[in-house]
Amino acid sequence: MTEYVLAGVAWPYANAYIHAGNVVGAYLPADIFSRYQRLRGRATLMVSGSDAHGTPITVRADQEGVSPEAIYRRYHRSFLDLFQRLGLTYDLFTSTHTANHFKVSQTIFEALRLNDYLFTKREKQWYSVTQQRFLPDRYVEGTCYICGYEAARSDQCDRCGNLLDPTRLINPRSKLDGSTPELRETEHFYLDLPKLEADVRAFLEARAPYWRPHVVQQSLGLIRTEGLKPRPISRDLDWGIPLPLKGWEHKVLYVWFEAVIGYLSAAIEWSTLTGQPNAWEQWWFNPEARTYYFIGKDNIPFHAIMWPAQLIGSGARFEELFTGRAPGRPLVLPYDVPANQFLNLEGCKFSGSRNWALWGLDLLERYDPDPLRYYLTAIMPETRDTDWYWDDFFRRNNDELVATWGNLAHRVLSFTYKHWGQVPEPGPFAAEDEALLETVRAGFHTVGEHLEKVHLRAGLQEAMRLAARVNQYLERRAPWKRIKEDRADAGTILFTALQAIDWLKVLFAPYLPFSSEALHRTLGYTRPLFGRQVVQEVRDALGAHEVLLYDPADATGRWEPQPLPVGQPLQKPKPLFRKLDPALAAEEQARLGEPPADCVGRER
RNA sequence: GGCGAGGUAGCUCAAUGGCAGAGCGGGGGAAUCAUAAUCCCUAGGUUGUGGGUUCGACUCCCACCCUCGCCA
């Protein structure tokens with residue numbers, strides 16, 4: 001029976017470049033997990049895309065005097081570039097600005113409306129007479145009615161820190177042209193969350209035993225203490241997804257509401273692009289399918305509460321509306337939301353505006369992807385906030401990655417290549433040889449168990465522990481000594497070590513795909529472990545968008561201890577990883593901007 | 001202010017009531033296949049603080065301190 005796994009990955013907002021905190025929080029864990037699931041032979045779908053709509057993008061577009069679409073395209077392109085170079089194997093990385101996503105989002109809206117989980121409400125909002133449009137709260141500033149600060153945003157005062165009622169702002173003015181806006185009545189759709197609260201609560205309680213405590217307790221705490229309140233799902237903007245209702249076409253869906261729907265629409269788009277139009281239903285209507293959401297902790301309420309509420313509220317109605325089939329089946333609810341905490345840098349929070357940050361593309365200019373993936377996994381903030389320290393990065397690269405794993409592969413391959421040139425024929429195994437193979441073989445269970453539970457850091461540690469065991473084995477068996485006494489026995493030892501390395505290659509592959517692939521070739525295999533990443537242009541009614549696809553056609557990697565073919569010719573070995581000069585740490589630290597003012601950093 | 005997570009060795013982290021552990025770093029030694037990588041031995045902790053429950057507490061309860069997030 002095929003098992004279905006969907007890895008939904010946080011949708012990066014297309015108004016900024018991606019930094020290491022975004023990568024370690026969501027994108028990298030999703031890739032490690034998905035690569036593992038594919039090796040396990042499960043039908044795996046890792047999907048995400050650029051979040052193209054919403055106010056931050058229109059603000060930026062206004063600042064630069066370009067269209068929101070131009071902003072979104074610029075950053076979207078940089079995302080595709082980064083993901084390919086870092087080896088993040090999205091089955092589909094698309095965008096929310098596609099005809100498909102529009103249709104799916106509008107269908108969810110319609111399903112919720114027909115199921116009576118939406119209502120409308122009239123309210124007053126600031127309206128720009130000069131521009132003839134409603135202004136988002138952050139476009140309006142004026143005098144704070146609490147402290148008298150004259151440059152307060154309409155929804156929040158930066159001096160007294162209070163959240164404000166926008167309609168009470170004194171002397172309001174538009175940040176766009178300085179004109180005086182006026183309050184006008186508008187009407188919006190709301191998601192009736194109180195009606196869905198009991199179901200959402202039951203959903204969370206059922207998953208509490210295995211979810212990360214900080215994810216489920218925070219969500220349940222919120223419901224217990226405050227309960228869920230109705231939340232607006234439409235806005236007066238012209239950049240976004242129009243409401244699919246007569247008389248409402250000039251309003252768009254609120255970005256919080258439609259972006260999460262991308263997990264569903266991306267699965268559908270993937271099905272279309274790969275020529276299997278109904279395949280997505282295996283992940284979305286099959287109650288056995290497991291859907292995981294890889295996000296940062298700032299996104300927890302949207303994935304643990306709002307998105308489940310949208311799915312529950314749409315229920316079977318979605319299938320009926322979207323496919324015309326009745327009765328429909330309910331949409332699959334999240335199986336797990338393994339949200340990560342935050343990554344800090346040298347003891348201080350990331351700050352893009354101060355350049356206190358590690359930009360993904362910038363890191364890749366100077367470092368290979370696997371060392372970055374290794375370090376990011378080693379410090380992955382699975383249970384609490386963690387820190388990137390440059391000296392720690394060099395230390396872990398040199399003393400752990402190069403020393404334990406890279407050196408192990410290189411010492412065995414170099415010696416065998418020099419004396420045999422191929423995988424040696426083993427003679428009778430000694431008890432020690434058998435014991436080593438058994439130890440590494442068990443790694444498929446022990447490392448796999450960690451990966452199943454999305455304990456990625458622990459899985460990597462376990463794989464490293466096994467690599468160290470092979471080093472120990474080599475010290476005791478000392479094939480470099482043995483070859484002078486008994487060449488056949490030396491061959492047995494090296495066969496054993498090569499077999500162990502061949503398996504370790506697979507255990508490391510989800511984490512370090514580039515070096516595992518290189519090692520795979522050195523060991524004489526000709527077909528790759530993983531598939532390829534492809535960029536493709538897709539045309540639709542909204543124009544064209546570029547997507548990143550994963551083509552698994554050539555992938556041969558499997559999460560099981562397969563036999564290493566005796567006599568397989570070896571390639572000339574090259575070191576898997578480069579040793580780095582630790583003195584560069586100071587250079588990297590100097591490259592950073594000023595730390596945020598409220599941060600003292602690490603005492604060293 | 002409310003809700004939640006976290007605070008364990010120099011560093012990064014394990015350990016859900018049963019002798020507080022691993023890796024790295026520090027100290028000593030062995031080996032020479034390997035990118036001076038590796039292997040063995042070793043030092044190092046009043047588990048944030050103060051109480052409580054228990055035969056027994058890192059673990060459960062109460063209060064407080066610190067860090068972070070969400071909400072107001």
Side-chain angles (χ1 to χ4, degrees), chain A residues 25 156 161-165 209 211-229 296-302 304-305 339-344 347-349 375-389 391-420 450 455 457-458 460-484 490 493-494 497 501 573-582 598-600 602-604:
Chain A
Q156 186 176 354
N162 284 295
L163 294 180
L164 308 179
D165 172 0
W211 279 26
R212 294 184 182 175
H214 70 107
V215 177
V216 71
Q217 297 302 356
Q218 178 191 321
S219 304
L220 280 172
L222 185 73
I223 293 176
R224 268 197 297 266
T225 54
E226 300 173 27
L228 297 180
K229 294 173 199 143
K297 65 174 158 180
D298 52 327
N299 247 326
I300 289 172
F302 294 107
I305 295 175
N340 276 332
Q341 310 255 4
F342 285 158
L343 180 70
N344 296 319
C348 303
K349 288 185 211 178
Y375 185 55
L376 286 170
T377 305
I379 60 170
M380 197 165 271
E382 291 179 332
T383 53
R384 65 179 110 171
D385 292 357
T386 59
D387 276 277
W388 173 298
Y389 290 113
D391 54 0
D392 194 43
F393 168 73
F394 287 99
R395 189 191 62 68
R396 281 185 183 271
N397 180 76
N398 293 347
D399 299 340
E400 295 180 12
L401 188 59
V402 172
T404 304
W405 172 227
N407 180 55
L408 168 65
H410 195 56
R411 68 194 294 207
V412 173
L413 280 162
S414 298
F415 194 79
T416 315
Y417 182 75
K418 186 173 159 192
H419 294 283
W420 278 267
H450 289 305
H455 294 169
R457 217 177 36 200
L460 181 59
Q461 277 171 12
E462 172 68 4
M464 286 296 276
R465 191 185 68 82
L466 295 174
R469 296 294 290 272
V470 183
N471 277 320
Q472 290 168 5
Y473 164 83
L474 287 170
E475 290 304 318
R476 282 196 296 269
R477 290 286 265 146
W480 48 90
K481 228 184 254 174
R482 201 76 187 114
I483 194 171
K484 297 169 190 162
I493 297 166
L494 287 163
I501 288 167
K574 278 184 294 195
L576 283 187
F577 311 105
R578 285 183 300 139
K579 205 163 172 174
L580 300 169
D581 179 4
D598 55 343
C599 175
V600 293
R602 177 174 59 166
E603 292 177 12
R604 286 210 156 177

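The chains referred to below are lettered A, B, ... by the order of the sequence lines, with proteins before strands, and numbering in each begins at 1.
Using a 4.0 Å heavy-atom distance criterion, A/Ile493 is classed as making no nucleic acid contact. Among the atoms of the strands shown, base atoms are found under 4.0 Å from some heavy atom of A/Phe577. Within 4.0 Å of A/Ala458, counting heavy atoms only, lies no atom of the nucleic acid at all. Across all strands, A/Arg476 comes closer than 4.0 Å to no nucleic acid atom at all (heavy-atom distances). As judged by a 4.0 angstrom heavy-atom cut-off over every strand, A/Ser219 is placed among residues making no nucleic acid contact.
For A/Thr383 and B/A14, the shortest distance from a side-chain N or O to OP1 or OP2 is below 4.0 Å. Side-chain N/O atoms of A/Lys229 include none lying less than 4.0 angstrom from OP1 or OP2 on B/C71. Look at A/Gln472 and you'll find a side-chain N or O under 4.0 angstrom from OP1 or OP2 of B/C40.
A distance of about 25 Å separates the C1' atoms of B/U54 and B/A14, rounded to the whole Å. Distance noted for atom C1' between B/G48 and B/U8: 10 Å (whole Å).
A salt bridge links A/Asp385 with A/Lys297; the closest basic N to acidic carboxylate O contact falls under 4.0 Å.
In this structure, of B/A5, B/G69, B/C71, it is B/A5 that holds the atom nearest to the side chain of A/Pro213. You'll find that the side chain of A/Arg384 is closest to B/C13, out of B/C68, B/A34, B/C13. When each of B/U35, B/C13, B/U32 is scored by its nearest atom to the side-chain atoms of A/His410, the top-ranked nucleotide is B/U35. Picking from B/U32, B/G69, B/U38 the nucleotide with the shortest atom distance to the side chain of A/Asn407 gives B/U38. Here B/U35 is the nucleotide among B/C3, B/U32, B/U35 with the atom lying nearest to any side-chain atom of A/Pro575.
Nucleotide B/A72: unpaired (no Watson-Crick or G-U wobble partner with both distances less than 3.5 Å). Pairing of B/A34, defined by two Watson-Crick or G-U wobble distances under 3.5 Å, is not identified with any nucleotide. Shown here, B/G21 forms a base pair with B/C13; the pair counts as Watson-Crick or G-U wobble because both key distances fall under 3.5 Å. When Watson-Crick and G-U wobble pairs are counted only if both distances are under 3.5 Å, B/A63 pairs with B/U49.
Side-chain contact, A/Arg578 with A/Asn397: no donor N or O sits under 3.5 Å from an acceptor N or O. Side chains of A/His450 and A/Glu462: no donor on one and acceptor on the other come within 3.5 Å.
Remark: side-chain polar atoms of A/Arg457 are not paired, donor with acceptor, to backbone N or O of A/Thr377 under 3.5 angstrom.
For A/Phe415 and B/C33, the ring-to-base geometry does not satisfy the stacking test (centroid distance below 5.5 Å, interplanar angle below 30°).
If you look at A/Phe415 and A/Trp480, their ring centroids are not closer than 6.0 Å.
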